[in-house]
Every structure is written in C-alpha cells, then in structure tokens.
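Only one structure is covered here, and it is reproduced in the block below.
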Protein chains: 2
Amino acid sequence: MLETATQSASFACKRDDHEHCIASALATAERLCAERGVRLTRLRRKVLELVWSNHRPVGAYELLEQLKSCGPAAPPTVYRALDFLQTQGLVHRLASLNAFIGCSHPQAEHTAQFLICRRCRNLAELADDGLSNAVAASARTVGFQAEEQMVEIVGLCEPCRRKGEG
Amino acid sequence: MLETATQSASFACKRDDHEHCIASALATAERLCAERGVRLTRLRRKVLELVWSNHRPVGAYELLEQLKSCGPAAPPTVYRALDFLQTQGLVHRLASLNAFIGCSHPQAEHTAQFLICRRCRNLAELADDGLSNAVAASARTVGFQAEEQMVEIVGLCEPCRRKGEG
DNA sequence: CTATTGATGTTATACTATAACATAACATTG
DNA sequence: CAATGTTATGTTATAGTATAACATCAATAG
Ligand SMILES: [Zn+2]
Ligand SMILES: [Zn+2]
Ligand SMILES: [Zn+2]
Ligand SMILES: [Zn+2]
C-alpha cells in the first residue's frame with residue numbers, strides 16, 4: 001500500500017473493525033518492541049490494549065480504573081506504562097486534553113498533528129510532513145530551531161459537520 | 001510601522017525595555033477593555049501586570065503566590081482573572097506547560113503559535129497567518145473543519161543556539 | 001547461584017483546576 | 001436615595017493530574 005504524506009485514523013475506523021484495529025495495534029507493538037529489544041510486559045501491553053479499546057483520547061485515571069479490574073494498580077502503575085509507550089512511539093499524549101491516544105502508525109518516525117472533534121469527541125491523527133516542515137520553517141524565520149511540535153486542532157469532523165452544529 | 005504577517009515577541013524584548021513593555025501592555029489592555037465595555041478591575045489588572053512582570057510562561061499558582069503579597073487570594077481568584085484575560089485575548093494559555101503568557105498583540109484578531117526555548121525557558125509568540133491557514137488546510141484534506149489551533153513548538157531560540165547545546 | 005539491572009508495588013505528596021456558596025461592589029431605575 | 005438585579009470577589013472544599021521516594025519482585029548475565 002502506498003503511503004501518502006497525510007494519513008488519518010480513528011475518524012475512519014468503523015465500529016465493526018474495531019476488534020481488528022485493537023489486535024492489529026497490539027501485534028505491531030509486539031513486533032516493534034521485539035525488534036528494538038525492549039520489553040512489552042504484560043502490564044504495558046494491557047495499558048496499550050486499554051488505550052486502543054477506548055478508541056478516543058482517554059485520561060490516565062480512566063485507564064487506572066479500567067486497569068484495577070485486573071489487579072492492584074496505583075497512579076504510578078499507569079503513568080509508567082504510558083511513559084514507556086510514549087517513548088516507544090506507541091501512544092501520544094494530547095496536551096490540551098491531558099489524555100492519551102494510540103498512535104496509528106508507530107512503525108514510521110513522524111511528527112503528528114491531532115484533529116479533535118468537539119462534538120463527538122473522536123480524534124484523528126495526521127502525519128503531514130508538509131505541515132510539519134511549514135511549522136519548522138515558520139519558527140526558523142525568527143531564528144528558532146524547532147525540535148518538537150505540538151499541533152492540536154479543535155473543530156468538527158466530517159460526519160459531525162454534516163449533522164449540523166448541534 | 002508596517003506589520004508583517006509573522007510577528008514575534010519576548011525573545012526580542014531586552015531587559016532594559018521591560019518596564020516599558022509592561023506599562024505598554026497595561027495601557028493597551030485598559031484601552032481595549034474600555035472600547036469593549038468590559039471591566040478591567042484592579043484585581044484583573046494586577047494579574048495581567050504580574051503575567052507581564054514574569055515575562056515568561058508562568059503558572060497560576062506562581063501568580064497566586066505573587067498576588068498574595070497584595071491581599072488575600074485563593075486559586076479561584078487567579079483563575080477567574082486569567083479566564084477574563086484570556087476571553088479578552090490579553091493572555092494566552094500554553095497547554096503544554098500549564099502556564100500563561102501575556103499576548104504580545106492583543107489589538108488584532110489572530111491565531112498564535114508559540115516558540116518555547118527549552119534552554120532559557122523564554123517564549124516568543126508568532127501570529128503567522130500563512131501557517132495558520134496551512135494548518136486549517138491540512139485538516140480540511142480529511143474533511144475536518146478547524147476552529148481552534150494549538151501550536152506549541154519546543155526548541156532553541158537564536159541566542160541559545162549560538163551558545164551551543166548546554 | 002548471585003549480582004545486577006529493570007519493572008512493579010505502595011504510600012505519600014505535589015501540582016493544576018473547578019464546584020459551590022457567601023459576600024461585596026457596581027449599575028439601573030423608580 | 002432606596003430597592004433591585006447583576007457582576008465580581010472571598011472562602012472553603014474538593015476534583016483531577018502527575019510525580020517523588022522507597023520497597024519488593026522478576027529477569028537477565030556472569
Ligand atoms: Zn503517531
Ligand atoms: Zn465528530
Ligand atoms: Zn496573541
Ligand atoms: Zn533560549
């Protein structure tokens with residue numbers, strides 16, 4: 001499959017595909033961690049599964065509640081797992097929501113942009129290299145060397161736009 | 001003075017100009033609030049002054065401590081003032097830092113981008129309409145209608161870049 | 001096996017933000 | 001001015017987010 005510069009996820013995922021979408025994310029994570037020689041432990045795997053199961057930006061304490069159903073868990077438990085998953089590029093943190101979301105293409109290095117629908121609360125991840133370059137270029141005009149970008153966009157996704165302002 | 005699409009502030013402000021820079025921000029705020037028929041009360045004005053005095057992204061509880069030196073103050077005191085100032089476009093909130101900064105050109109409608117130096121912790125505000133349009137256009141490619149943008153860029157400002165990685 | 005390292009458990013605490021209700025200041029108007 | 005409605009502030013409590021510090025456990029490596 002040819003990959004375009006701009007990829008999106010989550011808005012596109014139908015409810016029916018969702019089990020597959022979780023399984024696929026976990027399989028990719030297993031593979032990447034094996035390749036990298038890092039340990040996707042049961043706990044970390046479980047947290048990643050929960051992140052994908054929610055299928056929308058989810059807070060650390062929400063994950064904690066869900067995690068408690070399979071054993072004891074305290075805040076550091078979930079934050080440590082999330083730190084690992086972020087380091088491995090398997091989840092992203094959304095600064096404007098204090099929430100986490102599974103990365104939809106963790107196999108590729110990318111700077112991501114996030115589209116947050118204010119109506120249905122769903123999220124899509126872009127990896128628009130052109131946009132990312134434009135951001136870096138804009139910073140460079142004032143002599144600033146960009147290293148990390150946080151681009152989070154709030155608005156209406158297509159389905160919600162069709163349904164009207166509601 | 002001709003204004004270009006991309007404006008920057010804060011990195012450019014020398015320490016010597018800083019008193020003037022605070023006074024000017026307060027004067028502009030007074031004028032804008034008068035024009036709009038909203039009340040820049042003593043408390044709100046004081047909070048805005050503190051935001052500018054710090055001259056870098058500053059947390060609500062830092063402001064609270066500073067505010068306590070002129071009377072009683074609790075968290076809601078400072079958060080309410082900040083809410084007002086944000087609504088009037090006089091300060092911006094930085095989602096990635098949980099911090100606030102004075103807007104460097106509150107007289108004009110704009111979507112801002114923020115450059116955060118990881119070394120000196122200073123911040124510059126851009127208002128690059130071209131970039132803002134590029135962000136909106138990128139969202140539109142997947143049918144998303146952008147309404148609010150959060151663009152926060154971490155890296156090295158020019159002076160810090162010259163001084164080396166440190 | 002044992003030393004070393006990395007991962008998890010556990011408790012406490014720091015930091016960020018808002019809810020809820022009481023009081024005070026300000027504005028309108030009769 | 002007095003009565004009233006409205007906006008702003010004071011005050012207390014609590015919700016929500018994240019990390020420090022230290023103990024224990026599990027997985028390698030020698
Ligand atoms: Zn991603
Ligand atoms: Zn939507
Ligand atoms: Zn601004
Ligand atoms: Zn710097």
Side-chain angles (χ1 to χ4, degrees), chain A residues 29-30 33-34 36-51 54 56-88 90-101 116 121 150 152, chain B residues 29-30 33-34 36-51 54 56-88 90-101 116 121 150 152:
Chain A
E30 293 279 12
C33 288
R36 293 169 187 171
V38 298
R39 290 165 54 194
L40 186 63
T41 61
R42 196 154 46 135
L43 179 63
R44 291 164 174 175
R45 191 189 149 96
K46 182 64 189 175
V47 170
L48 181 59
E49 183 188 335
L50 288 174
V51 166
N54 283 276
R56 56 169 184 82
V58 57
Y61 278 71
E62 281 181 90
L63 291 170
L64 180 56
E65 280 314 302
Q66 297 169 19
L67 200 53
K68 278 178 178 167
S69 64
C70 10
T77 309
V78 66
Y79 279 105
R80 283 167 183 157
L82 288 169
D83 281 350
F84 170 84
L85 296 169
Q86 281 179 268
T87 300
Q88 296 304 320
L90 297 169
V91 309
H92 295 291
R93 180 171 185 276
L94 298 155
S96 66
L97 300 176
N98 294 328
F100 301 84
I101 190 84
I116 303 162
R121 294 277 143 196
M150 195 214 70
E152 299 177 20
Chain B
E30 293 279 12
C33 288
R36 294 168 186 171
V38 297
R39 290 165 54 194
L40 186 62
T41 61
R42 192 155 48 135
L43 178 63
R44 291 165 173 173
R45 192 189 147 97
K46 181 65 190 173
V47 170
L48 182 60
E49 184 188 338
L50 288 174
V51 166
N54 282 275
R56 57 170 182 79
V58 57
Y61 279 70
E62 282 181 89
L63 292 170
L64 180 56
E65 280 315 302
Q66 297 169 20
L67 199 54
K68 278 177 177 168
S69 65
C70 13
T77 309
V78 66
Y79 279 105
R80 283 167 183 156
L82 287 170
D83 280 349
F84 170 84
L85 296 170
Q86 281 180 266
T87 300
Q88 297 305 319
L90 298 168
V91 309
H92 294 291
R93 180 172 183 275
L94 298 155
S96 65
L97 301 177
N98 293 328
F100 301 84
I101 191 83
I116 304 163
R121 294 275 143 197
M150 270 148 297
E152 300 175 21

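Just so we're on the same page: letters track the sequence lines, and every chain starts at 1.
- Remark: Arg45(B) pairs with Glu30(B) by the salt bridge (Lys or Arg N to Asp or Glu O under 4.0 Å) rule, at least two apart or across chains.
- Qualifying side-chain contact (heavy atoms from CB on, under 4.5 Å) partners for Arg42(A), counting only residues two or more places apart in sequence or in other chains: none.
- Between atom CE of residue Met150(A) and atom OG of residue Ser96(A) there is a gap of 6.5 Å, rounded to the nearest 0.5 Å.
- In this structure, Phe84(A) and Val47(A) have side chains that are not in contact, with every pair of non-hydrogen atoms separated by 4.5 Å or more.
- The phosphate of dT9(D) has OP1 or OP2 within less than 4.0 Å of a side-chain N or O from Thr41(B).
- Residues passing the side-chain hydrogen bond (donor to acceptor under 3.5 Å, both in side chains) test with Glu62(B) are Arg56(B), sequence neighbours excluded.
- Within residues 63-73 of chain A, no residue has any heavy atom under 4.0 Å from DNA chain D.
- Remark: the backbone N or O of Ala95(B) is paired with a side-chain donor or acceptor of Glu152(B) at under 3.5 angstrom.
- For the pair Arg44(B) CZ and dC26(C) P, the interatomic distance rounds to 12 Å; values are reported in whole Å.
- In this view, Ala99(A) and Pro57(A), Leu97(A) satisfy the side-chain contact (heavy atoms from CB on, under 4.5 Å) rule, not counting sequence neighbours.
- For Arg93(A), the side-chain hydrogen bond (donor to acceptor under 3.5 Å, both in side chains) partners two or more places apart in sequence, or in a different chain, are Asn98(A).
- Straight-line distance from the CZ atom of Phe84(A) to the C1' atom of dT8(C): 14 Å, rounded to whole Å.
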Under 3.5 Å donor-acceptor pairs involving side-chain atoms of residues 69-83 of chain A, not counting sequence neighbours:
residue: Ser69(A); atom: OG; partner: Gln66(A); partner atom: O; Å: 2.7
residue: Thr77(A); atom: OG1; partner: Ala74(A); partner atom: N; Å: 3.2
residue: Thr77(A); atom: OG1; partner: Ala74(A); partner atom: O; Å: 3.1

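- In this view, Glu49(A) satisfies the side-chain hydrogen bond (donor to acceptor under 3.5 Å, both in side chains) rule with no residue, not counting sequence neighbours.
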Give the B/S/- string for nucleotides 25-30 of chain D, one per nucleotide from 5' to 3', where a protein heavy atom under 4.0 Å of the base yields B, of only the sugar-phosphate yields S, and otherwise -.
--S---
Indicate for each nucleotide in nucleotides 13-20 of chain C, in 5' to 3' sequence, whether protein heavy atoms under 4.0 Å reach the base (B), only the sugar-phosphate (S), or nothing (-).
---BBBBB
